[in-house]
Amino acid sequence: MRAKVWSEAVRILVINPNSTAAMTEQIGVAAQTAASRGTEIVAVNPLDGPASIEGAEDGEAALPGLFGLFNDMVITEGGYHAAIIACFDDTGLLELRERSPIPVSGIGEAGYLAAMDHAATFSVVTTLEISVPVLEANLAAYGMIERCVRVRASGVPVLALENDLSSLPKLEAEIEAAITEDDVGAVVLGCAGMSSFSHAMQSKYAVPIIDGVEAAVRWCEQRVGR
């Protein structure tokens, strides 16, 4: 089968399931930076719902807004070649993938796949402890749990990543602990809000530091033949 050659810009829809527009803008910039030339990123979020997704309860509360936005922009409006769910919990991913006419990536799943391309084992550094069970359940559902040594909580809330640089030392300390204590070959950043400083992290440590937003963009581009 011949690979598809797009005569137009490839358009990837990035949906942040929380309702914080500033974080969506940050994610959109990170996604566009990771994209190939000729790929257009459109980043959006629901107008209501949780301001951040921290744990299973927030994830459930975000589903109506996420599904409604996806239905309006992908099912009804169209014009996108792929979509990304930009929450590391992969909120609603499997449900949307079942009924989507285009490839759909979650930044959690994409981050794990990228880590496994780089290393035999990896650890995840996420935000709060309440998020750990959700990520562990996803890893088990994806058949990847044996490759993940540990899901670590940095103690940094999601929205603090947006504008509180004083939280970075906590995050860096947990990354360093993952490298030294877990003895892994890669570390996955477990929140879309970490994408804005992922490149600085990647240059600071000897092992690959994986950003799920970047990994999801690459996953989508591969699916549409870029």
Side-chain angles (χ1 to χ4, degrees), residues 14-34 43-63 65-66 84-92 106-108 110-112 115 122-139 148 150-182 186-205 209-216:
V14 178
I15 303 180
N16 171 19
N18 76 44
S19 59
T20 301
M23 179 164 285
T24 303
E25 182 177 359
Q26 172 185 310
I27 293 167
V29 170
Q32 191 65 68
T33 299
V44 297
N45 60 263
L47 296 179
D48 52 17
S52 63
I53 297 177
E54 295 170 323
E57 186 174 334
D58 286 338
E60 286 294 323
L63 290 178
L66 168 63
I84 293 170
I85 308 306
C87 173
F88 201 82
D89 291 9
D90 289 342
T91 306
I107 66 169
Y112 305 144
F122 64 91
S123 283
V124 179
V125 174
T126 190
T127 52
L128 302 180
E129 194 68 40
I130 194 172
S131 296
V132 172
V134 176
L135 304 188
E136 290 178 337
N138 286 348
L139 284 159
C148 181
R150 184 174 174 184
V151 179
R152 291 175 166 269
S154 64
V156 178
V158 170
L159 295 183
L161 294 166
E162 180 187 347
N163 52 26
D164 183 7
L165 294 180
S166 66
S167 64
L168 289 183
K170 290 183 180 179
L171 181 61
E172 291 176 343
E174 207 61 44
I175 292 172
E176 290 166 6
I179 295 169
T180 58
E181 296 173 16
D182 301 344
V187 176
V188 182
L189 299 177
C191 180
M194 299 176 185
S195 60
S196 62
F197 45 80
S198 64
H199 287 286
M201 297 290 183
Q202 289 163 4
S203 63
K204 186 171 183 178
Y205 299 104
I209 307 298
I210 308 297
D211 169 33
V213 173
E214 180 179 353

Engineer: Is the number of heavy atoms from other residues, nucleotides or ligands within 6.0 Å of CD (Glu181) greater than 12?
Structural biologist: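 Correct, the count exceeds 12.
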Engineer: Distance alone, cut at 3.5 Å: any donor-acceptor contact between the side chains of Asn18 and Ser52?
Structural biologist: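 Result is no, nothing qualifies.
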Engineer: Under 30°, 30 to 60°, or over 60°: which ring-plane class applies to Tyr112 and Phe122, parallel, tilted or perpendicular?
Structural biologist: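 Geometry flag for Phe122 against Tyr112: parallel rings.
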Engineer: Write down the atom of Pro46, the atom of Asn16, and the distance for their closest heavy-atom approach.
Structural biologist: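 What the structure gives for the nearest pair is CD-O, 3.1 Å.
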Engineer: What's the shortest heavy-atom distance between Ile175 and Met201, and which atoms?
Structural biologist: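 The pair with the smallest heavy-atom distance is CD1-SD, 3.9 Å.
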Engineer: Grab the two heavy atoms, one from Leu159 and one from Thr20, that are nearest each other, plus how far apart they are.
Structural biologist: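 For Leu159 versus Thr20, the nearest heavy atoms are CD2-OG1, 3.8 Å.
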Engineer: Give a yes or no on whether the backbone of Gly49 and the side-chain of Ser19 come within a donor-acceptor separation of less than 3.5 Å.
Structural biologist: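 A pair under 3.5 Å: yes.
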Engineer: Got a second to check how far Glu54's CD is from Ser131's OG, nearest 0.5 Å?
Structural biologist: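 Glu54 CD to Ser131 OG: 6.0 Å, rounded to 0.5 Å.
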Engineer: Within the 4.5 Å heavy-atom criterion, are Glu172 and Tyr205 side-chain neighbours or not?
Structural biologist: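 Yes; the side chains approach each other to less than 4.5 Å.
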Engineer: Closer than 3.5 angstrom, by distance alone: can the side chain of Ser154 be matched with the main-chain N or O of Thr126 as a donor-acceptor pair?
Structural biologist: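 Answer holds: yes.
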Engineer: Applying the side chain to side chain contact (heavy atoms under 4.5 Å, CB included) criterion to Val124, which one of Val132, Ile210, Leu135, Val187 satisfies it?
Structural biologist: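 Result: among Val132, Ile210, Leu135, Val187, Leu135 is the only option passing the side chain to side chain contact (heavy atoms under 4.5 Å, CB included) with Val124.
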Engineer: side-chain contact (heavy atoms from CB on, under 4.5 Å) for Ile15 and Leu66? Distances and angles first, verdict last.
Structural biologist: CA-CA 8 Å; Ile15 303 180; Leu66 168 63; 3.6 Å; yes
Engineer: Hey, could you give me the CG/CZ distance between Asp211 and Phe88, rounded to the nearest 0.5 Å?
Structural biologist: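 Those atoms lie 9.5 Å apart.
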Engineer: Salt bridge check, Glu136 against Arg150: does any charged N sit closer than 4.0 Å to a carboxylate O?
Structural biologist: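 Not counted as a salt bridge, because no side-chain N and carboxylate O are separated by less than 4.0 Å.
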Engineer: Can you name the nearest heavy-atom pair linking Met23 to Gly193, along with the distance?
Structural biologist: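 Closest pair (atom of Met23, atom of Gly193, distance): CE-CA, 4.1 Å.
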Engineer: How long is the gap from OG on Ser195 to CD1 on Ile107, to the nearest 0.5 Å?
Structural biologist: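 Reported value, rounded in 0.5 Å steps: 7.5 Å.
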Engineer: Counting heavy atoms not belonging to Glu176, are there more than 12 under 6.0 Å from its CD?
Structural biologist: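 Yes, CD of Glu176 has more than 12 neighbouring heavy atoms, counting only those of other groups under 6.0 Å.
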Engineer: What's the spacing between Leu189 CG and Ser198 OG if we round to 0.5 Å?
Structural biologist: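 So the gap between those two atoms works out to 6.5 Å.
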Engineer: Donor-acceptor pair, Glu214 side chain versus Ala31 backbone, under 3.5 Å?
Structural biologist: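 No, Glu214 side chain to Ala31 backbone: no donor-acceptor pair under 3.5 Å.
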Engineer: Okay, side chain of Asn45, backbone of Pro17: is any donor-acceptor separation there less than 3.5 Å?
Structural biologist: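 Answer holds: no.
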Engineer: Roughly how far, to the nearest 0.5 Å, is the CG atom of Asp58 from the OG1 atom of Thr91?
Structural biologist: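 Going from OG1 on Thr91 over to CG on Asp58, the span is 9.0 Å.
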Engineer: What I'd like to find out is whether the side chain of Val156 reaches to under 4.5 Å of the side chain of Leu161, using heavy atoms alone.
Structural biologist: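 Yes; the side chains approach each other to less than 4.5 Å.
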Engineer: Is it true that a side-chain atom of Thr33 and a backbone atom of Val29 form a donor plus acceptor pair closer than 3.5 Å?
Structural biologist: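 Yes.
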Engineer: So which atom in Met194 and which in Val125 form the shortest heavy-atom distance, rounded to 0.1 Å?
Structural biologist: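 Reported closest heavy-atom pair: CE-O, 3.6 Å.
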Engineer: Kindly give the heavy-atom pair with the smallest separation between Ile53 and Val158, and that separation in Å.
Structural biologist: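 Looking at all heavy atoms of both residues, the shortest contact is O-CG2, 4.0 Å.
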Engineer: Short question: side chain of Asn138, backbone of Asp89 - any donor-acceptor pair under 3.5 Å?
Structural biologist: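 Pair found, side chain donor or acceptor close to backbone of Asp89.
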